[in-house]
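Beneath this line is the structure, given in structure tokens, with notes to follow.
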Amino acid sequence: MFGKNLKRKPEKGDGKKLFVQEMFSTLQGECYLAGVPAVFVRLGGCNLACKFCDTEFESFKEISVEKIIEKTEKLAKNKRGKRVKNLVVITGGEPFRQPIEYLCKQLIKAKFKVQIETNGTIFRDLPKAVEVVCSPKAKAKIHGDLLPRINAFKFIISKNFDGYKNIWDAGQSASSAPVYIQPMDEYNARKNKANLECCKKLALEEGYYLSLQTHKIIGLD
Ligand code: SF4
């Protein structure tokens, strides 16, 4: 978090157990599924250490996929026991760092739509139904095999961080996937306003789609 985390290498194995930071139900706040009720599975560890990263992902526990599915089913239900959330967002840390193929297959088998949020630097051959949102990180190359699997690019914009003042070609020019821009949250009202203004300008002048962290705006995790 804030660039202080260990840069962890990709994990090997059959993926029957994974390192999980937390699981919770919320609304997906960002990008093209913003507003959709979802169960979030936050996996532990990341292969990068971005200075602006505001996510805690280093106090994870190893949990079996069966237990993850069980908890997902529980979180997806309302108080009357009816499933009301059909989307599972796997995020991190960096979710592709772990062998998540088995988890994705089991979630699809349980009739969940699966969306992965990734920095795009690691590739795993996931089921075709899995949707991928790639948030490129400055100076980090997107894995060539992942590019055709990306459903949307989401660039984080900041007036203060080098590499985030504008967007660069991370592979989106050769892709038909939409490009979103999202103001970085720097926990400073003046800086956040400047980042939002920058995004508004880029959206209007370049045609990028604006993504806001709506979960934060409405006070959800
Ligand atoms: S890639 Fe994402 S999760 Fe990893 S350190 Fe950067 S912002 Fe945080």
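All figures in this text were calculated on a predicted structure; none of them were measured in a lab. Numbering of ligands and ligand atoms starts at 1, following listing order.
- Of the protein's non-hydrogen atoms, Asn119 ND2, 3.4 Å is the one closest to atom 1 (S) of ligand 1.
- Of all atoms in ligand 1, listed by their number and element, those nearer than 4.0 Å to a heavy atom of Phe57 are 3 (S), 8 (Fe).
- Centroid-to-centroid, the aromatic rings of Tyr164 and Phe155 stay 6.0 Å apart or farther.
- Residues Glu73 and Arg83 are in side-chain contact: their nearest non-hydrogen atoms beyond the backbone lie under 4.5 Å apart.
- Side chain to side chain, Ser135 and Glu117 fail the donor-acceptor criterion of an N or O pair below 3.5 Å.
- Cys53 SG, 2.3 Å is the protein heavy atom nearest to atom 8 (Fe) of ligand 1.
- Ring geometry for Phe24 against Phe40 counts as parallel: the plane angle stays under 30°, on a 0 to 90° scale with 60° as the upper cut.
- Within the structure, ligand 1 has Leu48 among the residues with a heavy atom less than 4.0 angstrom away.
- Which parts of ligand 1 touch Cys46 is read off a 4.0 Å heavy-atom cut-off, strictly below it: atoms 1 (S), 3 (S), 4 (Fe), 5 (S).
- For NZ of Lys165, the number of neighbouring non-hydrogen atoms (other residues, nucleotides, ligands) closer than 6.0 Å is greater than 12.
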Set out, in order, the CA-CA distance, both residues' side-chain angles and the distance that settles salt bridge (Lys or Arg N to Asp or Glu O under 4.0 Å) for Glu206 and Lys201, then state yes or no.
CA-CA 8 Å; Glu206 307 295 339; Lys201 202 170 162 208; over 6 Å; no
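- Within the listing of ligand 1, atoms 3 (S) sit less than 4.0 angstrom from a heavy atom of Gly93.
- Inclusion of Cys50 in the first shell of atom 6 (Fe) of ligand 1 is supported: an N, O or S atom falls under 2.8 Å.
- Using a 4.0 angstrom heavy-atom cutoff, Lys137 counts as in contact with ligand 1.
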